[in-house]
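Whatever order the structure lists ligands and atoms in, that order sets their numbers, starting from 1. Here the structure is a predicted model, which is why all the values come from computation and not from measurement.
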Amino acid sequence: MAETKYPRCARCPTKACEKHGMKANDASSPLEKAPAFCPMKLMPEIIDVAMTEYDKPEVREFARLASVQEFQCYEPLPDGLRTRNTRIEELIQFSRKCGYKRLGIAHCGGLAGEAARLSDILEANGFQVVSVQCKAGAVPKERIGLKPEEKIAGAANWETMCNPIAQAMIINRAGVDLAVMLGLCIGHDTLFIKYCNVPLTVIAVKDRVTGHNPLAALYTSDTYYRRLKNKID
Ligand code: SF4
């Protein structure tokens with residue numbers, strides 16, 4: 001694929017789509033400033049198709065509520081905008097906006113304590129909370145072809161496979177309004193997302209080294225995590 005032929009917003013020097021500081025009625029096109037690899041130039045028809053989705057009343061209302069939630073996370077003060085809501089608070093606020101009553105936590109076994117604490121907080125705020133751990137099913141790892149030497153607990157020991165497909169199917173069956181992923185492993189989360197067929201959000205992703213904050217390694221990639229700039233095995 002030629003270098004300019006695929007979108008690379010992360011490499012954009014202009015961010016012309018943001019139209020920062022412009023008046024709401026300024027109709028000038030950001031395309032003049034946008035680079036050749038801008039998706040607005042490469043795939044304008046896709047953006048048109050996407051916008052027709054917002055004409056569906058339920059999609060438009062969901063998108064509107066999400067943006068109201070975003071707005072409410074900032075507090076205008078004399079010295080500028082200040083942020084004010086943690087993601088857990090946002091989860092509660094947005095769920096209320098959407099009229100959700102029953103939430104379904106899909107969590108890693110390694111974050112069972114966090115799942116219990118999150119359940120406490122959500123229940124104290126009036127939600128019914130379903131939770132399903134990744135090991136549900138109690139199926140041994142050999143079932144999906146793991147070799148004995150690939151088991152974390154050791155070759156001679158039982159090890160239950162992570163079962164994101166069962167997790168998703170149980171969450172689907174439990175009739176939750178919103179699924180909430182909490183610390184699923186990479187790949188297992190991909191499967192959960194593939195099989196989950198209710199609205200889904202993420203409260204945390206798994207990062208065993210950084211306390212489940214993968215961006216910590218990025219923020220320190222000029223210093224302590226400089227090794228990330230080397231080729232990674
Ligand atoms: S959409 Fe276009 S202008 Fe906006 S960040 Fe991406 S490349 Fe830049």
Partner of Arg96 by side-chain contact (heavy atoms from CB on, under 4.5 Å), out of Asn125, Leu65, Leu91: Asn125
Partners passing side-chain hydrogen bond (donor to acceptor under 3.5 Å, both in side chains) against Thr160 (at least two apart in sequence or in another chain): Trp158
Test: Arg82 and Glu75 ion pair at under 4.0 Å: no
Closer than 2.8 Å to atom 6 (Fe) of ligand 1 - protein N, O or S atoms, ordered by chain and residue number: Cys9 SG
Contacts of type salt bridge (Lys or Arg N to Asp or Glu O under 4.0 Å), residue Glu53, not counting sequence neighbours: Lys56
For Gln93, all residues meeting side-chain hydrogen bond (donor to acceptor under 3.5 Å, both in side chains), sequence neighbours excluded: Gln69, Asn85
Gln72 and Lys97 side chains, donor-acceptor separation under 3.5 Å: yes
